[in-house]
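First the structure, in the form of structure tokens, and then the observations on it.
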Amino acid sequence: MTEQPTCEDEFTAHRPLLFSIAYEILGSVVDAEDVVQDSYLRWRTVDLSSVANPRAYLAQIVTRQALGVLRSAARRREEYVGPWLPEPLATGTAEGGGPCGIDHVLTGEAVTTAMLLVLETLTPNQRAVFVLREVFDFSYSEIAAAIGKSEEAVRQLNQRARNQVHAKRHTAVAPPSEAAAVTERFSIAASTGDVQGLMDVLAPDVVYLADGGGVVNAVRRPVRGPDKVARLVIGLFAKGARMGELDVRFGTHNGMHSVTVFIDRVLDQVTSIEVGDGVVTAVYCVRNPHKLTAVEV
């Protein structure tokens, strides 16, 4: 006789998906991990024999937990100092070819910082519906059960969310394999102080966003345009070198090439470089130390 999966087996099997749902709804690695842990405690109290579809049931628990956290965080984000960026999530392999840390199933455009910032403009219910339907392909009936709405309401929420997302996302971010050459040119120019070389690889409407959260120094408004962004990036590289011993490591975060910078062995920032149509379209620098606690070092 084949043994039936236990409560623990089911949760372990679906954990990468559950973390991914929570992260897409929250944009926070730490909060997503907390939601998954709380969901596990709730799952342990469920009679498994009464659950026809463990995947959908677990997604329902995680979605409801994540929505609760998202709503409580809304005021804090309104009062956030400077641009708010999602916590960096490693989406490639670590140095040496091993696993990148947190186990998840996120790939492609859905996990990019640009997409997560667009999702920030949705209502909590719109965001949850869009994530469950468009990213993870749950049925409307499963989503309706997860958020406590009718199927018709879920369809309407999804349509509004799709329209809003499509209106704000005109071009897709190039995957790391296609962005490698552009990122290399960016990194060489930035590290050698080549302003013109850096400008040549930046899009006309390039934007630089830095998240210090009021905890550490970072520009508090978006910096736009090749000239301003190039001079800012080169200035920051030079400043970092003056502050102490630099250790620069390359990786992939949120589906984009990234630079992780340590100064005197202390993690200073994770900067992700967004590439589209053969040029750098955005630079996202996370310096808020509270958002770097889950970064592999």
Report task. Verify, without hydrogens or angle tests, whether Glu134 (side chain) and Arg162 (backbone) share a donor-acceptor contact under 3.5 angstrom. Result -> no
Requested in this report: For Gln37 and Asp34, indicate whether the former's side chain and the latter's backbone hold a donor-acceptor pair under 3.5 Å.
Outcome: no
Query raised in the report: Can you find a pair of side-chain heavy atoms, one from Met256 and one from Val275, that are under 4.5 Å apart?
Result: no
Report summary line: Ala59 and Ile21 have their tightest heavy-atom pair at CB-CD1, 3.9 Å
**Report entry** Verdict with reasoning, Val280 to His257, per side chain to side chain contact (heavy atoms under 4.5 Å, CB included)
**Finding:** CA-CA 11 Å; Val280 174; His257 284 290; over 6 Å; no
Query - Salt-bridge contact Arg287-Asp211 (side-chain N to carboxylate O under 4.0 Å) - result: no
Query raised in the report: Looking at side-chain heavy atoms only, is the closest gap between Phe130 and Ile143 below 4.5 Å?
Result: no
Report summary line: Looking only at heavy atoms, the pair that brings Ala146 and Gln60 closest together is CA-CG, 3.5 Å
Requested in this report: Any chance you could measure Thr63, atom OG1, to Ile61, atom CD1, to the nearest 0.5 Å?
Outcome: 10.0 Å
Requested in this report: Evaluate the ring planes of Phe138 and Phe136, with Trp represented by its six-membered ring, and classify them as parallel (under 30°), tilted (30 to 60°) or perpendicular (over 60°).
Outcome: perpendicular
Query raised in the report: Strictly by modelled atom types, are Thr12 and Asp9 linked by a side-chain donor-acceptor pair under 3.5 Å?
Result: no
**Report entry** Thr91 side chain to Gly255 backbone, donor-acceptor under 3.5 Å
**Finding:** yes
Query raised in the report: Within the side chain of Arg249, is there an N or O that forms a donor-acceptor pair under 3.5 Å with the backbone of Thr260?
Result: no
Query raised in the report: Going hydrophobic residue to hydrophobic residue with side-chain gaps under 4.5 angstrom, can you get from Val229 over to Ile188?
Result: no
Query raised in the report: Looking at Arg220 and Gly214, what are the two nearest heavy atoms and their distance?
Result: NH2-CA, 4.3 Å
Report task. Would you mind reporting whether Pro83 and Tyr284 have side-chain heavy atoms less than 4.5 Å apart? Result -> no
Query raised in the report: Can you tell me how far the CG atom of Leu236 sits from the CZ atom of Arg231, to the nearest 0.5 Å?
Result: 14.0 Å
Requested in this report: Assess whether side chain to side chain contact (heavy atoms under 4.5 Å, CB included) is satisfied between Val129 and Tyr140, documenting all intermediate values.
Outcome: CA-CA 9 Å; Val129 169; Tyr140 287 112; 5.6 Å; no
Query raised in the report: Could Asp38 and Arg42 be called an ion pair, given the rule that one side-chain N must be under 4.0 Å from one carboxylate O?
Result: no
Report summary line: Rounded to the nearest 0.5 angstrom, the CG-CG distance for Asn158 and Leu132 is 9.5 Å
Query raised in the report: Side chains of Arg71 and Asn125: donor-acceptor distance under 3.5 Å anywhere?
Result: yes
Query raised in the report: Would you say the side-chain atoms of Ser20 pair up with the backbone N or O of Val105, donor to acceptor, closer than 3.5 Å?
Result: yes
Requested in this report: State whether a side-chain donor-acceptor pair under 3.5 Å links Asp47 with Ser49.
Outcome: yes
Query raised in the report: Does CD in Glu245 sit with more than 12 non-hydrogen atoms of other residues, nucleotides or ligands closer than 6.0 Å?
Result: no
**Report entry** Test side chain to side chain donor-acceptor pair (under 3.5 Å) applied to Ser28 and Glu87, step by step
**Finding:** CA-CA 5 Å; Ser28 166; Glu87 290 180 24; 2.8 Å; yes
Requested in this report: For atom CZ of Phe11, decide whether the heavy atoms of other residues, nucleotides or ligands shown that lie under 6.0 angstrom number more than 12.
Outcome: yes
Query raised in the report: Can Tyr40 and Glu8 be said to form a side chain to side chain donor-acceptor pair (under 3.5 Å), step by step?
Result: CA-CA 9 Å; Tyr40 172 66; Glu8 182 76 25; 2.5 Å; yes
Requested in this report: Report the C-alpha distance between Glu10 and Val51 in whole Å, list the side-chain angles of each, state the deciding distance to 0.1 Å, and finish with yes or no for side chain to side chain contact (heavy atoms under 4.5 Å, CB included).
Outcome: CA-CA 11 Å; Glu10 291 287 5; Val51 178; over 6 Å; no
Query raised in the report: What's the shortest heavy-atom distance between Ser150 and Ala144, and which atoms?
Result: C-CB, 4.0 Å
Requested in this report: Would you check if there is a donor-acceptor pair between the side chains of Ser39 and Gln65 at a distance under 3.5 Å?
Outcome: no
Query raised in the report: Is any side-chain heavy atom of Trp84 closer than 4.5 Å to a side-chain heavy atom of Leu209?
Result: no
Report task. Decide whether Val165 and Leu106 are clustered together by the hydrophobic rule: side chain heavy atoms of Ile, Leu, Val, Met, Phe, Trp, Tyr closer than 4.5 Å, transitively. Result -> yes
Query raised in the report: Looking at side-chain heavy atoms only, is the closest gap between Lys228 and Leu232 below 4.5 Å?
Result: no
Query raised in the report: With a 4.5 Å limit on heavy-atom distance, are the side chains of Leu292 and Pro88 in contact?
Result: yes
Query raised in the report: What residues form a side chain to side chain donor-acceptor pair (under 3.5 Å) with Glu178, not counting sequence neighbours?
Result: none
Query raised in the report: Are any side-chain N or O atoms of Trp43 and backbone N or O atoms of Leu58, one a donor and one an acceptor, separated by less than 3.5 Å?
Result: no
Query raised in the report: If you look at every heavy atom in Val182 and Gly278, which pair is closest and at what distance?
Result: CG2-O, 3.3 Å
Query raised in the report: Should the pair Glu33-Arg15 be classified as a salt bridge under the 4.0 Å nitrogen-to-oxygen rule?
Result: yes
**Report entry** Path from Val233 to Phe250 over hydrophobic side-chain contacts below 4.5 Å
**Finding:** yes
Query raised in the report: Checking Gln126 side chain against Thr123 main chain: does a donor-acceptor pair fall under 3.5 Å?
Result: yes
**Report entry** His104 side chain vs Pro16 backbone, donor-acceptor pair below 3.5 Å
**Finding:** no
**Report entry** Reported CD1-to-SG distance for the pair Ile273 and Cys285, which is rounded to 0.5 angstrom
**Finding:** 10.5 Å
Report task. Give a yes or no on whether a salt bridge exists between Glu120 and Arg127, defined as a side-chain N under 4.0 angstrom from a carboxylate O. Result -> yes
Using distance only, find each side-chain donor-acceptor pair of residues 112-119 under 3.5 Å and give its atom names and separation, not counting sequence neighbours.
from, atom 1, to, atom 2, distance (Å)
Thr112, OG1, Glu109, O, 2.9
Thr112, OG1, Met115, N, 3.3

Query raised in the report: Looking at OG1 of Thr293 and CG of Leu267, how far apart are the two atoms once the value is rounded to the nearest 0.5 Å?
Result: 10.0 Å
Query - Atom pair CG/CD of Leu89 and Glu24 - distance to nearest 0.5 Å - result: 9.0 Å
Query raised in the report: Just by distance, with hydrogens left out, do Glu274 and Thr281 show a side-chain donor and acceptor under 3.5 Å apart?
Result: yes
Requested in this report: Give a yes or no on whether Val215 and Ile263 share a hydrophobic cluster (residues Ile, Leu, Val, Met, Phe, Trp, Tyr; joining criterion: side-chain heavy atoms under 4.5 Å apart).
Outcome: no
**Report entry** Close side-chain approach of Val219 to Tyr208, heavy-atom, < 4.5 Å
**Finding:** yes
Query - Close side-chain approach of Phe19 to Val35, heavy-atom, < 4.5 Å - result: no
Query raised in the report: What about Val279 and Val207, same hydrophobic cluster or not, with Ile/Leu/Val/Met/Phe/Trp/Tyr joined at side-chain heavy-atom distances under 4.5 Å?
Result: no
Query - Closest approach of Val286 to Pro86 (non-hydrogen atoms, all atoms of both residues) - result: CG2-O, 3.9 Å
Report task. Step through the shown structure and confirm whether more than 12 heavy atoms of other residues, nucleotides or ligands are within 6.0 Å of CG on Asp277. Result -> no
